[in-house]
Amino acid sequence: MKFLIAPTRERGGHRQRAWLLAALLGWAGLVGALELTPEEAAGRRLYREGLGAGDTPVEARVGSAGTAMPASVLPCAGCHGSDGRGRPEGAVRPPEITWRRLTTARPAYDAAGLARALGEGLDPAGERLDPAMPRFVMSWRDLANLGAYLKRLEEDRDPGLHETRLRLGTLLPSAGPLAAAGKIVGALLQAALDELNQAGGIHGRSLELVIADPGPDRASAEAALAGLLDGGEVFALLAPLAPALEARYGTLLAPRGVPLVGPLPGPDGEEGPLVFAPLPGLREQLFALAGFAAGESPPGESPALIAYPPEAARQAEALAARLRAHGWKRVRLFDYGAAQADGEAPLTADLEVLFFLGAGEALLALGRALDGAGLAPRLYASAQQAAGAALRLPPAFSGRLFLAYPLLPADVTPAGAQALEALRLRAGLDAQQPALQIGAYSATLLLAEGLKRAGRDASRERLLRELENLHALHTGVTPPLGFGPGRRVGAAGAHIVGVDLAAGRFVPTGRYVRVEP
């Protein structure tokens, strides 16, 4: 098995300094980025999307009858490609329309010739163009913008997108506590891409994987990401494993517009529009618990306590706002880290509901303190944080502890299990860390679907648009995935599971609570 490795360090100090400088400057002025004037940017939008700069929409007229329709239905890039080189479809063979080609044609095009071709369907010699070519009705401003952009068109190609291949990047640790997880994710991703390539790739392009090691901390991870984007020339990022960058990806990728598919969303769920997460993070799981709890016990005047460690203050505040939206009038925040130092305790006789954030051992200590005071409120926590300690809580909490799970075995269909097992065999993996494998696999399926829908003339913008408009994608290993404006978590919800302490087992409630943005 071979990986294309993009190292975090180069032998030449010049390249390393360039990466670090890009990171330190907030990723401004990045190497190789095409800078467009406002007019050229407006022309790019018109070329790719058929949308003009003014209030009057651009119109396309088709056929001998001149049937009118919005130009957004027939943008230039739809036939001529995002690179302007033309994409033959059936009997229609759109010509190359890069400015270099137009100005070296015989006779050559100029601004007036371009206007005549677009508006009348005639070339500079007065010969009629192919009847499949629409005639466009647009303002002089839009025409000038389009001409300005055509002069830059050949320069404007998203990195990593080539005629016969498409490069994807990821961050996977090769040393430290996450090295084993990085090896699993890397092997599974490569196996999935190999399988796609053996089936012909996507729109005739094979998929390549470029891997960079994020190193031990945030500074090294940011430098690795900068190097991956600069030197690795990748079109999109797939399933990176770099906890130091959680909640930072959106900020770091925004200047480039690089899509990222795969990680759990950041703790605050604020990764931004470029990051598409198949599965819910902690924020969505807590919100699902809030919805479930509201249905179990009408909030009204019953108090709700949120216990959290200092580093989870923002998550606790977001959960408090969600609980109030569900009708809780009395919500108390309890920083048990600070309280432990002050000797404060949250034990009040009217405590009925407690939401817990933090490590399982802290939940266990809090549960024992509550039990010692004769209290047994309903407890709600994320399984990813508390499942390991749940079965050791005092017996009084039996049937009163509820955990949120992003996935349950029931989410995996027989076909999905078979496909995942085939990938494991290809990658030489066993069934260890199944949630990690499912996360990487579902991310690959999601990105592949987005690329298929983006078409042969894919761009980062088009990929983002197609992912945003994707609904009910059945992966076979997760709940159906769907996105939308402002929604970047595919399975935005969680399964709620109860705990039977007497029997020492987890008991699904049969409830999957969806979370709205």
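As the structure is a prediction and not an experimental result, all values here were calculated from the model.
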Test side chain to side chain donor-acceptor pair (under 3.5 Å) on Arg424 and Gln437; report intermediate values, then the result. CA-CA 9 Å; Arg424 285 180 180 139; Gln437 295 186 30; 2.6 Å; yes
If only atom types and distance count, is the side chain of Asn469 paired as donor or acceptor with the main-chain N or O of Arg465 below 3.5 Å? yes
For Ser72, give me all partners under side chain to side chain contact (heavy atoms under 4.5 Å, CB included), at least two apart in sequence or on another chain. Leu51, Pro70
Counting neighbours of CZ on Arg514 that are heavy atoms of other residues, nucleotides or ligands and sit closer than 6.0 Å, is the number greater than 12? no
With a cut-off of 6.0 Å (strictly less than), are more than 12 heavy atoms of other residues, nucleotides or ligands near CD of Gln432? no
Ala419: partners by side chain to side chain contact (heavy atoms under 4.5 Å, CB included), with sequence neighbours left out: Tyr441
With the side chain counted from C-beta on, respond yes when Pro303 and Arg332 share a heavy-atom pair under 4.5 Å apart, and no when they do not. no
Under 4.5 Å between any side-chain heavy atoms of Arg426 and Asp194, yes or no? yes
By side chain to side chain contact (heavy atoms under 4.5 Å, CB included), which residues pair with Ala454, not counting sequence neighbours? Ala458, Arg462, Glu466
Please report whether the ring centroid of Phe334 lies less than 6.0 Å from that of Tyr308. no
Take Val477 and Thr413, measure what side chain to side chain contact (heavy atoms under 4.5 Å, CB included) needs, and give me the verdict at the end. CA-CA 6 Å; Val477 293; Thr413 66; over 6 Å; no
Who passes side-chain hydrogen bond (donor to acceptor under 3.5 Å, both in side chains) against Glu233, sequence neighbours left out? His162
Check the pair Asp213 / Ser174 against side chain to side chain donor-acceptor pair (under 3.5 Å), numbers first and verdict last. CA-CA 6 Å; Asp213 189 330; Ser174 60; 2.3 Å; yes
Under 6.0 Å from the CD atom of Glu311, do we count more than 12 heavy atoms belonging to anything else shown? yes
So, using side chain to side chain contact (heavy atoms under 4.5 Å, CB included) as the criterion, who are the partners of Leu473 when residues are at least two apart? Leu446, Glu449, Leu470, Thr475, Leu481
Would you say that Leu241 contacts Leu171 through its side chain, given a criterion of any heavy-atom pair below 4.5 Å between the two side chains? no
Examine distances only and state if a side-chain atom of Arg488 and a backbone atom of Gly484 form a donor-acceptor pair shorter than 3.5 Å. yes
Heavy-atom side-chain proximity of Val353 to Leu305 below 4.5 angstrom: no
Side-chain heavy atoms of Phe506 within contact of Leu391, under 4.5 Å: yes
Do the two ring centres, one from Phe276 and one from Phe483, sit under 6.0 Å apart? yes
Main-chain N/O of Lys452 paired with His203 side-chain donor or acceptor, under 3.5 Å: yes
Donor-acceptor pair, distance only, cut-off 3.5 Å: does the side chain of Asp158 make one with the backbone of Arg460? yes
Quick one: which of Tyr512, Phe292, Tyr405 gives a side chain to side chain contact (heavy atoms under 4.5 Å, CB included) with Ile496? Phe292
If you take all heavy atoms of Ala390 and Leu501, which pair is closest and at what distance? O-CD2, 3.3 Å
Rounded to the nearest 0.5 Å, how far apart are CG of Leu319 and CZ of Arg314? 14.5 Å
Just to verify, what does Phe397 make a ring pair (Phe, Tyr, Trp, His ring centres under 6.0 Å) with, not counting sequence neighbours? none
Are the ring centres of Phe356 and Tyr336 closer than 6.0 Å? yes
Candidate list Leu225, Val210, Val275, test side chain to side chain contact (heavy atoms under 4.5 Å, CB included), partner Leu237, passing option: Leu225
Relative to each other, are the rings of Tyr380 and Phe402 parallel, tilted or perpendicular (30° and 60° limits)? parallel
Just wondering, do Leu463 and Leu451 contact through their side chains at under 4.5 Å, heavy atoms? yes
Can you tell me how far the CG atom of Leu279 sits from the CD atom of Gln285, to the nearest 0.5 Å? 9.5 Å
Applying side chain to side chain contact (heavy atoms under 4.5 Å, CB included), run through Thr478 and Val412 and close with a yes or a no. CA-CA 6 Å; Thr478 67; Val412 181; over 6 Å; no
For the pair Thr170 (side chain) and Leu238 (backbone), establish whether a donor and an acceptor sit closer than 3.5 Å, ignoring hydrogens and angles. yes
Could you give the distance from CD (Gln418) to CG (Leu423), rounded to the nearest 0.5 Å? 11.5 Å
Side chains of Leu168 and Leu193: does their closest heavy-atom pair fall under 4.5 Å? yes
Mark yes or no for whether Ser442, through its side chain, and Gly439, through its backbone, hold a donor-acceptor pair below 3.5 Å. yes
Sub-4.5 Å side-chain heavy-atom contact between Leu178 and Pro243: yes
dist Leu286:CG -> Ser382:OG (nearest 0.5 Å) comes out at 6.5 Å
State whether the side chain of Gln190 and the backbone N or O of Gly186 hold a donor-acceptor pair below 3.5 Å, judged by distance alone. no
